[in-house]
Amino acid sequence: MSIAAHRIEDVYRRRHQAFGNAVACLTGNRDSAVDVVQEAFARALARREQFRGDGSLEAWIWRIAIRTALEQSGRPADLPFEELADPGFADPQRDPELAAAVRKLPPRRRLIVFLRYVGDLSYTDIAHVCGVSEGTIAATLTQARAVLADELGRDQTSQTSTGRNVR
Amino acid sequence: MKEANVYPLSALDGELSRRFHDAAEVPFDADWVGVVRRAAAEFAPTPSRPRRTLLRALATAAVLAAVVGTASPALGLDRIFLDFLRADRAPEKVQVDFGTFDALDPVRGPGVATAETRTVHTFHVESGDYDLSVSPANDGFCWGFSGFGMTCETSRSRPIDPFYRDIPQAGQVAEPALITGAVRSVDLGRVTITFENGDTVDLPLVIVSEPIGASFFFYDVPEDRWKLGSRPARVAAYDSAGVELGTAPLMYTSAR
């Protein structure tokens with residue numbers, strides 16, 4: 001399955017900012033984030049014949065972006081990246097309380113939290129990016145929210161309502 | 001259609017979303033041409049990667065061979081599809097020529113990615129060979145034919161705006177009368193020229209993939225069509241359903 005380049009351009013124009021923000025968290029480097037995103041979209045554009053369509057186009061590009069980020073951080077890119085990434089805010093001083101709370105999460109859970117809250121990915125796309133089931137993502141985020149609520153001094157149970165948050 | 005899963009959404013989500021965004025935001029101005037430039041470099045031949053160059057040449061040849069195999073028998077080769085990213089980089093002189101669009105008007109110029117200018121095809125016609133070169137720009141693309149001229153198509157361009165050379169006047173040194181143009185669509189049904197006497201001719205098309213995403217036509221007006229009453233009168237583009245996308249008159253400074 002080959003996709004048209006304009007579909008990649010569409011993802012880029014709508015979502016480049018989210019990619020940049022999330023990549024900065026993956027690499028811990030705000031300066032290199034834009035370069036990583038540019039490189040990731042270029043790779044996606046040049047290798048678009050490799051997109052198999054077994055997930056969304058955006059999830060496929062996210063995988064490329066994360067691989068590129070890890071490569072440029074000097075981490076091996078041939079291992080499952082959810083086991084390798086050690087994400088964190090590039091500038092913790094912007095919200096020290098939140099940065100400290102996020103640090104309480106194990107790296108894999110942190111990656112999923114960043115993809116959700118910085119990248120604005122749907123559960124479905126996070127599942128494709130990480131190569132796990134959607135249920136695993138839901139459970140991971142529930143656990144992560146509980147930790148963050150505790151660290152931030154929030155009572156999560158009293159605020160719960162029902163909503164649809166899968167885009 | 002599969003129902004999307006429903007997960008509990010808490011007010012904490014709203015707070016987390018806001019705080020994560022605020023804490024993570026990096027300045028990032030979109031630069032799609034920059035992405036295209038990098039993607040194009042993936043296919044750039046270098047001395048250290050001769051095999052890649054060979055593979056690229058073979059891939060291009062395969063595409064052309066496939067197209068030749070499916071060409072319309074009525075018109076011979078009536079359309080060619082070309083992948084911009086796999087086309088050869090244009091000679092430096094052509095790149096420099098394309099750069100003049102911005103050099104002449106740095107503020108309102110099209111923002112041509114000059115280094116990514118590609119020579120995608122050569123038209124072999126009665127009056128000679130003409131190389132088609134194209135280059136992505138911040139707004140649209142620029143294109144031109146060797147020995148003829150170049151222009152740009154932007155979001156403000158008309159659907160079809162032919163770029164042509166006047167019919168030579170009697171007694172002049174006859175330069176070829178050429179009619180060229182670009183239509184911002186890769187799904188054209190046909191482009192036709194209608195002559196002053198009502199005759200029509202379908203033009204062969206060269207379709208170049210994104211980031212250009214356009215179809216190009218080229219017509220070398222034969223001398224028996226240079227006389228008043230039989231000259232090309234208008235050019236029109238139609239989509240694959242036969243709907244006219246645009247039409248433009250062809251006007252001349254003098255009758256021959």
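Protein chains get the first letters and strands the later ones, always in sequence-line order, with residue 1 at the start of each. From a predicted model like this one, the values you see are computed outputs, not experimental measurements. What you see below is based on every heavy atom in this structure, not just the backbone, and it leaves out hydrogens, waters and symmetry mates.
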Please find the pair of heavy atoms, one from [X] and one from [Y], that lie closest to each other, and give the distance.
X	Y	value
Trp32(B)	Arg13(A)	CB-NH2, 3.4 Å
Arg145(A)	Asp13(B)	NH1-OD1, 3.1 Å
Val118(A)	His21(B)	O-NE2, 3.7 Å

Quick check for you: to the nearest 0.5 Å, what is the distance between Arg19(B) atom CZ and Leu98(A) atom CG? 5.0 Å

Output the distance between atom CG (Leu85(B)) and atom CG (Leu45(A)), rounded to the nearest 0.5 Å. 5.0 Å

I'd like to verify something: which residue of Val23(A), Val102(A), Asn21(A) has the highest number of heavy-atom pairs under 4.5 Å with chain B?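 Of Val23(A), Val102(A), Asn21(A), Asn21(A) has the most heavy-atom pairs under 4.5 Å with chain B.
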
Could you check Leu152(A) against Leu16(B) for side-chain contact (heavy atoms from CB on, under 4.5 Å), going step by step and ending with a plain yes or no? CA-CA 10 Å; Leu152(A) 297 172; Leu16(B) 290 176; 3.9 Å; yes

Select one option (side chain, backbone, both, neither) describing which atoms of Ala90(A) are under 4.5 Å from chain B's heavy atoms.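 Answer is neither: Ala90(A) stays 4.5 Å or more from chain B.
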
Between Phe28(B) and His16(A), how do the two ring planes meet: parallel, tilted or perpendicular, split at 30° and 60°? perpendicular

Going by the angle between their ring planes, with limits at 30° and 60°, are Phe89(A) and Phe20(B) parallel, tilted or perpendicular?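 Aromatic pair Phe89(A)/Phe20(B) classed tilted.
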
Around atom CZ of Arg158(B), are there more than 12 heavy atoms of other residues, nucleotides or ligands at under 6.0 Å? no

Using a 6.0 Å cut-off, check whether atom CD of Gln143(A) has over 12 heavy atoms from anything other than its own residue.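 Correct, the count exceeds 12.
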
Between Asp31(B), Val186(B), Asp29(B), which has the largest tally of heavy atom pairs under 4.5 Å with chain A? Asp31(B)

Enumerate the residue pairs fulfilling salt bridge (charged side-chain N to carboxylate O under 4.0 Å, His left out) with a member in residues 29-38 of chain A, sequence neighbours excluded, ordered by first and then second residue.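 Of all non-adjacent pairs touching residues 29-38 of chain A, those that pass salt bridge (charged side-chain N to carboxylate O under 4.0 Å, His left out) are Asp35(A)-Arg38(B).
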
Side-chain donor or acceptor of Gln17(A) paired with backbone N/O of Val26(B) under 3.5 Å: yes

